[in-house]
*Asks:* 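Below is one structure. I have some questions about it.
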2 protein chains.
Amino acid sequence: MKLLTKNTDYAVRALLTLASLKKDEYLSARQISQRQKVPYQYLRRILQELIKKNLVISREGGGGGFRLKKRPNSIEISGIINIFQGRIQLSDCMFRKKLCHNRSNCVLRNQIQRIESIVASEFSKITIGSLLKDLTKQKGG
Amino acid sequence: MKLLTKNTDYAVRALLTLASLKKDEYLSARQISQRQKVPYQYLRRILQELIKKNLVISREGGGGGFRLKKRPNSIEISGIINIFQGRIQLSDCMFRKKLCHNRSNCVLRNQIQRIESIVASEFSKITIGSLLKDLTKQKGG
DNA sequence: ATTACTGATACTAAAATAGTATCAGTAGGA
DNA sequence: TCCTACTGATACTATTTTAGTATCAGTAAT
Ligand code: FES
Ligand code: FES
């Protein structure tokens, strides 16, 4: 069972790379792809998605590329998961109508949802900013 | 993003059905399949797996079928997830060697693992026994 | 013997994930 | 102006995972 897919992985890495740029500096998809060893075309699609979700901004033409739109600390991993893996949720619903009559106050459902919200909440504590800090701290030590 | 797959879903439902049997009573895969509206052949494979993992016992031949091997309260959902979805884990490892030099004390890795263990721990609080109790309680109310 | 079952395993289908290719358009610079 | 390096958009293929089906051999109750 994997909690994070490649989409999310690559997105996070791209965002981390962008987060280490100087103010108003842009980095091309090609560059990001090479630095992070991420398939170029795949990365491009991911970046498009990140634009749609207002996480990054692009500049077209030569010397163009991408940069962050939001502060690193305000970009939560949970948000990225949401974008690429959809909301964490019980697939449809175990124990369909048959077993579980009054769906609304089904205890299992509640418990699953509680677990899901714990996961979401934990992933929201991790941000691009905090990761970047951790990574640079590590390089130093 | 789904936390539970059909495998797990069906397994849990089968186990719940078996948990409601009388002591030493056996129920056939066909019966379980019909009661729970689960595809027969698929369910059979799942039951085979549950046998291997020592969760159920079978009796061959006419009038045969399956029954639980363990007490319902000792069958944790986390265990079932493990069987059918594998251990919860960070796919391979985001930020391969390149980004993350000393893998052993990588902070992100630690955080992910912490989240994973929370999930596992929460799912281990839910058991076939507790679900059965919840379900019967609900029918009553 | 017939029937209702499990054991084992091979197979196909569908869906999700991962990765590739292509073309149109934009902007910087020789 | 034309070339080049870039993004926007989208269509496509491949791979993997998940879901579901089929088949045959063997067991035991009737
Ligand atoms: S588990 Fe879905 S309604 Fe109860
Ligand atoms: S995230 Fe994998 S070693 Fe750090």
Side-chain angles (χ1 to χ4, degrees), chain A residues 1-14 18 25-34 36-67 69 80-81 83-92 94, chain B residues 1-11 13-14 18 25-34 36-67 69 80-81 83-89 91-92 94:
Chain A
M1 179 192 200
K2 57 184 168 188
L3 240 35
L4 304 170
T5 63
K6 289 276 166 82
N7 274 320
T8 307
D9 177 344
Y10 294 164
V12 171
R13 293 207 250 168
L18 296 180
E25 189 180 352
Y26 285 78
L27 192 64
S28 74
R30 181 71 64 187
Q31 288 292 313
I32 299 174
S33 143
Q34 283 169 356
Q36 296 290 357
K37 300 271 202 303
V38 164
Y40 173 68
Q41 294 294 357
Y42 198 14
L43 176 65
R44 293 242 299 136
R45 274 196 346 208
I46 288 169
L47 286 166
Q48 291 302 315
E49 200 61 32
L50 292 176
I51 285 176
K52 275 190 196 155
K53 302 297 178 178
N54 277 300
L55 292 183
V56 304
I57 277 180
S58 68
R59 188 168 61 182
E60 291 183 69
F66 302 84
R67 67 170 178 82
K69 191 173 179 186
I80 303 170
I81 293 178
I83 294 171
F84 295 103
Q85 301 174 224
R87 247 185 84 13
I88 296 174
Q89 61 170 2
L90 186 48
S91 29
D92 177 7
M94 284 168 87
Chain B
M1 183 195 199
K2 57 183 168 186
L3 238 36
L4 304 171
T5 63
K6 289 276 166 83
N7 274 321
T8 307
D9 178 344
Y10 294 165
R13 294 209 249 167
L18 295 180
E25 191 181 352
Y26 285 78
L27 192 65
S28 74
R30 182 70 65 184
Q31 288 290 314
I32 299 174
S33 145
Q34 284 169 355
Q36 298 286 359
K37 300 270 199 304
V38 164
Y40 174 68
Q41 294 293 357
Y42 198 16
L43 176 66
R44 295 240 301 138
R45 274 197 345 210
I46 289 170
L47 287 166
Q48 292 302 316
E49 200 62 30
L50 292 177
I51 286 177
K52 276 188 197 155
K53 303 297 180 180
N54 278 300
L55 292 182
V56 304
I57 278 180
S58 68
R59 188 169 60 184
E60 291 183 70
F66 302 82
R67 70 173 178 79
K69 192 173 179 185
I80 304 171
I81 292 177
I83 295 171
F84 295 104
Q85 301 174 225
R87 247 186 84 13
I88 296 171
Q89 60 170 4
S91 28
D92 178 7
M94 286 168 85

*Asks:* Is there a donor-acceptor contact under 3.5 Å from the side chain of R67(B) to the main chain of I57(B)?
*Replies:* no

*Asks:* Does some side-chain heavy atom of L18(B) sit less than 4.5 Å from a side-chain heavy atom of F66(B)?
*Replies:* yes

*Asks:* For K6(A) and dT16(D), give me the distance from atom NZ to atom P, rounded to whole Å.
*Replies:* 10 Å

*Asks:* Quick one: list whatever passes ring-ring contact (aromatic ring centres under 6.0 Å, His included) with Y40(A), sequence neighbours left out.
*Replies:* none

*Asks:* Got a sec, which residues hit side chain to side chain contact (heavy atoms under 4.5 Å, CB included) with Q85(A), two or more places apart in sequence or on another chain?
*Replies:* L4(A), T5(A), T8(A), I81(A), M1(B)

*Asks:* Please find the earliest and latest nucleotides of DNA chain C, in the 5' to 3' direction, that have an atom within less than 4.0 Å of any heavy atom of chain A.
*Replies:* dA18(C) to dG28(C)

*Asks:* Under 3.5 Å, side-chain donor or acceptor atoms of residues 58-65 of chain B against the rest of the protein: list the pairs with distances, not counting sequence neighbours.
*Replies:*
| unit_1 | atom_1 | unit_2 | atom_2 | d |
| --- | --- | --- | --- | --- |
| R59(B) | NH2 | G63(B) | O | 3.3 |

*Asks:* Go through the steps to decide whether N54(B) and K69(B) satisfy the test side-chain contact (heavy atoms from CB on, under 4.5 Å), and finish with yes or no.
*Replies:* CA-CA 7 Å; N54(B) 278 300; K69(B) 192 173 179 185; 2.4 Å; yes

*Asks:* Which pairs, protein N/O on one side and nucleotides 13-15 of chain D N/O on the other, fall under 3.5 Å?
*Replies:*
none

*Asks:* Any chance you could measure R13(B), atom CZ, to K6(B), atom NZ, to the nearest 0.5 Å?
*Replies:* 8.5 Å

*Asks:* Residues of residues 40-52 of chain B with any non-hydrogen atom less than 4.0 angstrom from an atom of DNA chain C: list those, numerically ordered, please.
*Replies:* Y40(B), R44(B), R45(B), Q48(B), I51(B)

*Asks:* Whole-Å distance between dT17(D) C1' and K2(B) NZ?
*Replies:* 9 Å

*Asks:* Taking atom CD of Q36(A) and atom CG of L43(A), what is their separation to the nearest 0.5 Å?
*Replies:* 9.0 Å

*Asks:* Less than 3.5 Å apart, which donor and acceptor atoms pair up between the side chains of residues 45-53 of chain B and the rest of the protein, not counting sequence neighbours?
*Replies:*
none

*Asks:* Are the side chain of S33(B) and the backbone of P39(B) linked by a donor-acceptor contact shorter than 3.5 Å?
*Replies:* no

*Asks:* With sequence neighbours left out, write down each residue that passes ring-ring contact (aromatic ring centres under 6.0 Å, His included) with Y26(A), or none if nothing qualifies.
*Replies:* none

*Asks:* Flag the pair L55(A) / I83(A) as yes when at least one side-chain heavy-atom distance between them is below 4.5 Å, and no otherwise.
*Replies:* yes

*Asks:* Between protein and nucleotides 26-30 of chain D, what N or O pairs are separated by less than 3.5 Å?
*Replies:*
| unit_1 | atom_1 | unit_2 | atom_2 | d |
| --- | --- | --- | --- | --- |
| dT27(D) | O4' | E60(B) | OE1 | 3.3 |
| dT27(D) | O2 | G61(B) | N | 3.2 |
| dA28(D) | N3 | G62(B) | N | 3.4 |

